[in-house]
Every structure is written in C-alpha cells, then in structure tokens.
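Input: a single structure, listed below in structure tokens.
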Amino acid sequence: MDKLVIEGGVRLRGEVTVSGAKNSVLPILAATLLTDDACIIKGVPDLRDTSTMLKLLRSLGKNVEVDKGVVTVTAGKAANYIADYKIVSTMRASFCVLGPLLGKLKKARVSLPGGCAIGTRPVDLHLKGIKLLGADLKVEGGYVIAKASKLTGVHMYLGGVYGSSVLATDNVMMAAVLAHGKTVIESAACEPEVVDLAEFLIKMGAKIKGHGTPIIEIEGVRHLHGAAHTAIADRIEAGTLILAALITKGDILLKNCNYRHLGAVIDKLEEAGAQFTRTEGSLHVRYQKPLNAVNITTLPYPGFPTDMQAQMMSLMSVTSGISVITEKIYPDRFMHVAELNRMGAHIQREGPHAIVEGIKELSGAPVMASDLRASAGLVLAGLAARGKTQISRIYHLERGYENIEEKLQKLGAKIWRERE
Ligand code: UD1
C-alpha cells in the first residue's frame, strides 16, 4: 500500500485545471443503462470510483471503452439485472443502478451498499420513491429485489430526516423517466450534479422540468435513445484546491471551475477575508491577509457542502479565533478530528459540532485517512504544517481526486508517494 508524504510550508502558486465531477459522472454512467444505444460521456475523471462504476456496467452487460476521459457505453450481448455485492459494497453510488435497471428491464437485483466511515447511510428514501412508482420490493440476502410489470408516475415527497437525498433523487428520477404518466418529486435534491444528470436524461429524450429546484416534474416517455454529454466541473475538487491556496498563503487560478456552484464556500471564505476574482469558467483565489475564524454549518445545496467540511476544518485549525463547525448531513463525519489533533490542532467534538481553536502552526505527523474528504483535509493540513506529514490509506483519496499529487506538485507543493 502507498502512503503520501508531504513536506509542508510551501506557498502554492500557479494554474490548475479542475477535473470532471465524480458525483455527476457516476449517476450519468448508471443512466446509460436506460438505453441500448451508444452513449458518450466526456470529462470522466480517472478515479477508483469511476473504474468501479465502469466495472459494474460491464457486469450488467454493457460494453465500455475508455479513452482519455471519454467513455463510450454500448449494449453488449445480453443485459444482466444483478448488481453484485462485491462491487456495490465498495462504492455506495453503485446503488443508483437500481432506478435505471428497473425502468429499462422492469426488474433489478441490487446489493444493499452497507455503511461506511462517515455513518450508517440508509437507503430508505431510494426504496420509498421506487416503491411509490409501483415496484414490488423485498430485501433478501442483502439484496434489494425489485420487480414491476409497469411503473406509474406519482406525486411523492422525498425528504428525509436530514433533508433531501442526492442519490435517492437520482435513482427515482431515472426510474420515473420511463414510467407511465407524470411523476412529481417534492423535496428533491438541488445539487448541480442532479441537474447535470437531468440534462443528460433530457438529451436521451426524457421530459424533465424543475431540476435544480426542490420540485422536479417528470413526464414518462416510452423510449430513451443514446446521447453525448460532458460532465460539469467538480465543485468539491475546486473547493479543496481553493483551500489549498488559502491554507498555504498562496495564489491559484482554477480553470474549468464554475464559481456559481461554490456560492456558499466562496461566501464563507470572503467572510473570513479571502479574495476572489470570478470569471466565466475560472476562479482566481489569493491570500492577502490573515484570515478570521468563521462558523460553518453543512446543509444540502445551495448550503455549505458536507463534502467540504473536513477541508474547512483544516483551514480553521490554523486560523486565529474560534470556529464552530456544525455537521447537519452526517452527524458522525468527524473521523478527521483526532488525526488533525495529532498534528497539534485544538479541536473538540461536541455531538454534531466541532469547536476549533485556531493555532499558529500545525506540525507534520504520521496520520491515517479514514474516508475520501477526511483524506483531503489531511492533505491540506500537511501542506500547511511544519515538517513532514505521512498519510496512510490513501486509497480513499484515489476514490475522488484525479492526479492530486501531480496537480499539487505543479503548484509547487512538495508531495510524493512512497511504499508503506
Ligand atoms: C451524495 C454524494 C456525497 C455527499 C452527499 C451529501 C454522490 C455519489 N455522493 O451522497 O459525496 O456527501 O451526497 O451531499 O453524489 N439519507 C437517508 N435516507 C436515504 C438516503 C440518504 O436518510 O435513503 C440521509 C443520509 O444518511 C444523509 C442525508 O440523507 O444524512 C443526505 O445523504 P444523500 O444526499 O443521500 O447522500 P448520497 O446521495 O449518498
């Protein structure tokens, strides 16, 4: 297994291009199951999670070709409707093949994804929505077994205890596009990745309105055809790079960056004293003066993203003052607290809150990555720390950040990989 080694203290400077959004690409690839025609998806980042989705599509009978970020999916000899535990258990987003399989083949057998380091992560909302469309569902041997002679559009409320669900909205939308009649999803997720999926489905011939708002309306059609689509830029990768600039007192121009998808993050950072220049397709961030501590609360989009919480905690741990970070999406998503404290941070967890008392400087230490975004938080801490940080279990990072070492190296960071 590899570990990442970072020699901290270098101000990052230069230009970097943001990759296509992992969280857009995964459901979009699943949506290719809705047609037998060829689909071409561009801007697919080379990541462990995208490879897992391609493996799943192959196991479901698709032919998949990959060429420099362009994925072509065509029908294979026979479609399979069983999404195996071995694949689904490694990546939760694979559960969103349920909707398209059921929509197209009228049957699906999809392994339940199970929990992960950031919490139990139920799928009750996915199942509720699919059931309301008229599917027969049962759970047997760890699999959801779904059948429907016909799916019928319905008006449903899909909000849960923690608000809307991104993948449940995706799953239900993908089942509803081929249902009979009209489906209305109330309390739908508004994330840009849901909008991107809807745009792809529309290119395939689906009739969808209201995507990007909490009420999505879908008029079922009989048939979807092939389409080509370019995924939006990854707003979480962009946000992580913005924080890499600020935590190292640097100056970075992000290309292929849609600043409109980063409203809550940019607003908080401006409140903290950071300076941004927004242009169409790019964003310039520079550190000009010491930042102030700010409080953040994670919320569904357009609120502050939970996927930026760990990275923001790293920044606040070296920002003078006290910051209260409240996690409202995954109340147990705090595995990085203990690791940051090993680097000298002063962070105390109180239920769904972390109280961060900013210190002058972190000191490099061996730390362990526990999940994807926690790993990104540790990389940021390592970039700012005095001395050497060694991050183990970096396979988490490889799930979601394309060429992260190369990108950071190009900006001047001293970061490299070593065998453990
Ligand atoms: C997606 C993102 C993930 C991000 C998360 C929240 C992808 C591939 N992943 O995950 O990076 O952290 O959105 O922005 O897009 N919930 C239920 N029942 C359900 C489904 C979810 O209670 O059936 C809860 C979850 O436990 C969580 C909240 O709803 O508390 C939001 O989760 P959800 O939006 O579903 O996350 P994902 O779509 O799995």
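Numbering of residues begins at 1 and proceeds along the displayed sequence. All values below come from the heavy atoms of this structure, side chains included, with hydrogens, waters and symmetry mates left out. Each ligand, and each atom within it, is numbered from 1 in the order the structure gives.
Atoms of ligand 1 lying under 4.0 Å from any heavy atom of V123, numbered from 1 in the order shown and given with element: 19 (C), 23 (O). When each atom of ligand 1 is checked for a heavy atom of I329 under 4.0 Å away, the hits are 27 (C), 28 (C), 30 (O), 31 (C). Counting the atoms of ligand 1 from 1 in the order shown, those under 4.0 Å from a heavy atom of H126 are 23 (O). Under a 4.0 Å criterion applied to the non-hydrogen atoms of Y162, ligand 1 contributes the atoms 28 (C), 30 (O). Annotation for ligand 1: atoms under 4.0 Å from non-hydrogen atoms of N23 are 2 (C), 3 (C), 7 (C), 8 (C), 9 (N), 11 (O), 15 (O).
Residue contacts with ligand 1 for V166 involve both N, CA, C or O and side-chain atoms from C-beta outward (heavy atoms, distance under 4.0 Å). Of all the heavy atoms of D307, the ones lying under 4.0 Å from any atom of ligand 1 belong exclusively to the side chain. Counting heavy atoms closer than 4.0 Å to ligand 1, residue R92 contributes side-chain atoms (C-beta onward) but none from N, CA, C or O. Contacts between R333 and ligand 1 below 4.0 angstrom, taking non-hydrogen atoms only, involve the side chain exclusively. Of the heavy atoms in A93, only side-chain atoms (C-beta onward) come closer than 4.0 Å to ligand 1. Contacts of Y330 with ligand 1, taken as heavy-atom pairs under 4.0 Å, involve the side chain alone.
Relative orientation of the H229 and F200 rings is tilted, given thresholds of 30° and 60° on the angle between their planes.
D49 places no side-chain N or O within 3.5 Å of a backbone atom of G400 that could act as its donor or acceptor partner. K268 places no side-chain N or O within donor-acceptor distance of the main-chain N or O of M312, the cut-off being under 3.5 Å.
Between F276 and H284, a ring centre-to-centre spacing not shorter than 6.0 Å is recorded.
Considering backbone and side-chain N/O of T306, none are found under 3.5 Å from N/O of ligand 1. Residue L167 has at least one N or O atom closer than 3.5 Å to an N or O atom of ligand 1. The shortest N or O to N or O distance between K22 and ligand 1 is not below 3.5 Å.
Ligand 1 does not have M53 within reach: every non-hydrogen atom of the residue lies 4.0 Å or more from it. For the pair V161 and ligand 1, no heavy-atom separation below 4.0 Å is found. Residue-ligand proximity: A168 is placed with every non-hydrogen atom at 4.0 Å or more from ligand 1. No heavy atom of E193 sits closer than 4.0 Å to any atom of ligand 1. Proximity of S165 to ligand 1 is established by a heavy-atom distance of less than 4.0 Å.
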CA sep, side-chain torsions, deciding dist, call: T52, R399, side chain to side chain donor-acceptor pair (under 3.5 Å):
CA-CA 9 Å; T52 303; R399 284 192 38 219; over 6 Å; no
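No side-chain heavy atom of L411 sits under 4.5 Å from any side-chain heavy atom of T248.
A side-chain contact (heavy atoms from CB on, under 4.5 Å) with V66 holds for exactly one of L54, I41, D46; it is L54.
Closest non-hydrogen pair, C257 versus L262, comes out as SG-CD1, 3.9 Å. Shown here for E405 and R417, the closest heavy-atom pair between the two residues is OE2-NH2, 2.8 Å.
Counting heavy atoms only, L125 comes closest to atom 23 (O) of ligand 1 of the residues L299, L125, D371.
At a cut-off of 3.5 Å, with distance as the only test, a side-chain donor of Q311 or T240 sits close to an acceptor on the other residue.
For the pair R109 and Y143, the cation-pi test (distance below 6.0 Å, angle within 45°) is passed.
Atoms CG and CG, on L151 and L133 in that order, are 6.0 Å from each other to the nearest 0.5 Å.
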